[in-house]
Structure formats: C-alpha cells, structure tokens
Protein chains: 2
Amino acid sequence: MKAYELVLQRIEAEISEGRLRIGDRLPGERALAERFGVSRTSVREAIRVLEVMGAIRTAAGSGPDAGAIIVAEPRSPLTSALRLHLATSHLPIADIVQTRVLLESWAVREASGKAGAAELAGAERLLDAMDDPGLAPEQFHLLDAEFHVSLSALAGNVLVSTVMASLRDAIHGYVMAVVPELPDWETTAAGLRREHHAVLRAVRDGDGDAAASLVAAHIEDFYRTARL
Amino acid sequence: MKAYELVLQRIEAEISEGRLRIGDRLPGERALAERFGVSRTSVREAIRVLEVMGAIRTAAGSGPDAGAIIVAEPRSPLTSALRLHLATSHLPIADIVQTRVLLESWAVREASGKAGAAELAGAERLLDAMDDPGLAPEQFHLLDAEFHVSLSALAGNVLVSTVMASLRDAIHGYVMAVVPELPDWETTAAGLRREHHAVLRAVRDGDGDAAASLVAAHIEDFYRTARL
DNA sequence: CTAGTGGCTGTGGTTGGACCACACAAAGTA
DNA sequence: TACTTTGTGTGGTCCAACCACAGCCACTAG
C-alpha cells in the first residue's frame, strides 16, 4: 500500500469513528508525518486528496482558522469529477440533462405542499432578482442556477440537492458558451422567467404533478433552444 | 493560485481540448515539472488528485503500461466522496436510500421494453448465480449489487448508472455490517430472489410501471428489514 | 544457436531538509 | 493606551537524493 493511502485510510477512519468531527483541526502536517511514520510529503498528498474531496479546508498562518479543518463540502468534489469526466467525452451532456430532469422533477413533486412559506421565500427572492430586465446573461444564469438548486433543496434530500448543484456547476461553462449564440436573449429570458414563476406557483399550491411536468418541460426546452 | 492547482488546470485543459485522450500517456513527472515551471512535488500532488478523481492511472516501472495513463473511471471518485461524507454524518443513509429508489425506479421504467434479450442476458446470469442456496451473504450481496447496477445500466444513461453503482459501493460496508443481525438470512434471501425475478420479468415484458414500483418496494423493504 | 542472466534505464514512490509567505499572539515601545 | 516589533507555528514550495519496479538489451554459458 502506498504511503499516502495509509494516511488517507487512517484519517478517514478517525472521521468515521467520530474522533474527528466537523470543525475540528487536524494536527499539523509534521505531527501527522511523525505519528504515521511517513514523510511530510506523503501526508501532504493525503491532505490534498481530502481537500479536493471537500472533507477538509486548509489555510496557512496561525490562529483559529489556520491549519487543516474538517468540513463537509460534498459539492465541490462532485463538480470537479463531473467536469473532468465531461472533458473526456465519456459523459454525454444529454445524460446530464436527462438526470437533471429526473432529479429536479422528483424534487419539486416531493416539495409541493410540503414546503412552507418560509422555505419558499428564498426561491421567491431569487425570482424577484431575476425580474430585473437589465440583468446580464451571466448574472441571470447564476441566479437561475441558485433558483433551481434552492427548489431542489425543498425536497429535503441532501444528496439529491447536492448532485443537482454539481450538475449545474459542471455544465455552467457549456451553457455560458452557448448564450451568445442565442438569436434573441431577451425573449428567451422572458420565457424562462414566466416558466420559473409557474413552477414556483405549482409548488406553492401543492400541485406536485404540475410542478414536475412544468420543470421538466422548462429544462428540456432550454437545452433544445440552446442546442446542447 | 497554488502550484498544484496550476498543474491541475493545465492538464485538465489539455484533456478538455482533446490534446490528451483516453489511453494516452502523460509525460513523466520530471518532464511536467520542468514544462510547468514547478517542482516535481507540486506535479505529484496534481497527479494524485487526478488519480483519485479517476482520470488517470499510474504505475511504476517501464514499458507500455507504466507511467500515468489517461483513463475514465468516474465511479471511484463518486464512491470515495460519498463514503467520506457519509462518515461525517452530514449525509443521512435515508437520503441515499431515497435516491436509490428514485434513480433505480426511473431506470427500470426507462429500460422496460427498450432493452432486448441480449442486454437482459447479463442480469439473468447474475440472478442464476444468486439462486445458489449455499451462497454466503457477502457473495450474495456482491452479486446483488451487480444485478442492480446492470439493471440501471439498461436505461442507457451513463451518469445515472455510475451514480447508482457508487451509491451501492458506498453503503456496502453498512449493509454487510447489518446482515449478521438479521433474524433469518435464508428467508430474507429467498424473498430477495423472488423480488429480483419479478422485477426482471416486468422489465422483459415491457411493463415499466410495474417494474418501477416493484423495484422501489424491493429496495425499501430491504432497508426496512435491515433497520438502516 | 538458444536460453538464461545480469546490468542499464526510465518510471513512479518516498524521504529529509531547507526556505518562504502568512497570520496571529505576545512582548516591547511610544 | 495605542502602535510596532518580534516570535512562533502553520501550510506552500522546492531540491537532491535514494528506492522499487519493470521492461529492454547485450552478454554468456550450455
């Protein structure tokens, strides 16, 4: 077994057994190297891996925020992995869109009637912000992504909403590359706004079936228009 | 920007632009270090990350299989990330089960009628192997996992089947830990076998709705029995 | 002539040591 | 009291070696 794998295993075990919890600080790299009987380099490789996996956050310097701190950021590793495998062309964009439709329509159906006014407030605020007619496409899409993610979060499934967010992040670049090609951005945006409001209304009214089919059509329409 | 991030970015860009394709070999670590103007250490950290992300495979020695080779193994990073975040207790098992039900019932519905005899042959062979009454629980569950994954693959969505496989892998340890607690393994196994055959039959007959509800009940039943 | 053997070479894997930039904390100073 | 300086511990980076490994190749014993 490689040295960094050993370190990885040991640290993961400590997290698993609850000896390390979120917010805790790992010992310094030099201390870990000594404890595990490996070089600091190997410890660093393990730390790197944990960092890109979203399990820890590192910062130099001293003080309470310095060092390697246990966090739970499941979104970033999913996003990176998706982006990377999208790049190898072994993961068709069509599959991503299909998965989005699947997850998101399930989420809004699940959320319908279940989500109270307080939970819906965040989504409404995003829609309000998107109503600004002077918004640049880039800003619009960032808000759009946030809206869809917050909608998915209403279903209360951490995994689903995390995957949703990662899917959005991973294809964001592709979407933005295609926006300038659109024949009429203003018209497209107006349609998107209208559809967003309709979806949110269905969720608020507790009409799960309507919300699901609306959101599915909304997503599929956009990708058809964008020819992705 | 950190040095290893720069290396990561450059290599990812080369993959993205098609200059590096699956099966290609990366230049040696020493050569990359010189090309990017960083130390070999930083190159190695980037390589490590790409490795755990399932984008490359490394091997020492010489010959055609040695060095860092571009691969596409999207399953392993998802599995590791899930396992890791499962360990931090910020990802409830219930969410994973719910997601499994969601994805898998969609997959079998999609596959119903679409999958031909050739595609179904693999799944049937697995069920035959699971009919062996002397099978140990561990072996049974490995075959079980394979069956569910091959079932999901029938829908033809790479992302969905990959996520499915990762979900199974990530919770495999939890499942195996609970099997010895079951009051009567043989009875449980018999039920699982029966349900598997029923699901496969529905898929073969093109009855998507039946297949979806059968597989959903199958999964939920098992986790209820296992009290996970 | 063939089969085996040993060294050569290039690969990733690992180590120890050195230095840097950073950020806070504490001691010193106006 | 308020500011400045110094100290200390953190991660970030680099370097120069050495190891283990695996293929390749020339040499040698049969």
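Numbers restart at 1 for each chain; the letters A, B, ... are given by sequence-line order, proteins then strands.
Considering CD1 of I171(A) and OG of S166(A), their distance stands at 11.0 Å, rounded to 0.5 Å.
E51(A) and T58(A) share a side-chain donor-acceptor pair at under 3.5 Å.
In this structure, the side chain of D95(A) engages the main chain of V158(B) through a donor-acceptor pair within 3.5 Å. Checking side-chain atoms of E12(A) against main-chain N and O of Q9(A) turns up no donor-acceptor pair under 3.5 Å. For E34(A) (side chain) and A31(A) (main-chain N/O), no donor-acceptor pair under 3.5 Å exists by modelled atom type.
In this structure, CZ of R30(B) is placed 14 Å from P of dC19(D), rounded to the nearest angstrom. Whole-Å rounding puts the E5(B) CD to dG12(D) C1' distance at 11 Å. Following rounding to the nearest Å, K2(B) (NZ) and dT13(D) (C1') show an atom-to-atom distance of 12 Å.
Using a 4.0 Å cutoff on non-hydrogen atoms, the parts of residues 41-58 of chain A near DNA chain D are R44(A), R48(A), T58(A), ordered by number.
The nucleotide range of DNA chain C contacted by chain B, defined by atoms under 4.0 angstrom from heavy atoms of the protein and reported 5' to 3', is dG10(C) to dT14(C).
Sequence order on DNA chain C of the closest nucleotides to G37(A) and E29(B) puts E29(B) first from the 5' end. Take the nearest nucleotide of DNA chain C for R40(A) and for A3(A): the residue whose nucleotide is more 5' is A3(A).
More than 12 heavy atoms of other shown residues, nucleotides or ligands fall within 6.0 angstrom of atom CZ in R57(A).
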Using a cutoff of under 3.5 Å, can you pull out all pairs of nitrogen or oxygen atoms linking the protein to nucleotides 4-9 of chain D, with atom names and distances?
from: dG9(D); atom 1: N2; to: G61(A); atom 2: O; distance (Å): 3.4

* Asked: For L167(B) and L82(B), what are the C-alpha separation, side-chain angles and deciding distance, and is it a side-chain contact (heavy atoms from CB on, under 4.5 Å)?
  -> CA-CA 7 Å; L167(B) 291 179; L82(B) 283 173; 3.6 Å; yes

* Asked: Can I47(B) and V7(B) be said to form a side-chain contact (heavy atoms from CB on, under 4.5 Å), step by step?
  -> CA-CA 9 Å; I47(B) 298 267; V7(B) 178; over 6 Å; no

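The pair E17(B)-R10(B) does not count as a salt bridge, with every side-chain nitrogen at least 4.0 angstrom from each carboxylate oxygen.
Taking the ring axis of Y4(B) as reference, the NZ or CZ atom of R48(A) stays within 45° of it and closer than 6.0 Å to the ring centre.
Classification of the F147(B)-H196(B) ring pair by plane angle, with boundaries at 30° and 60°, yields tilted.
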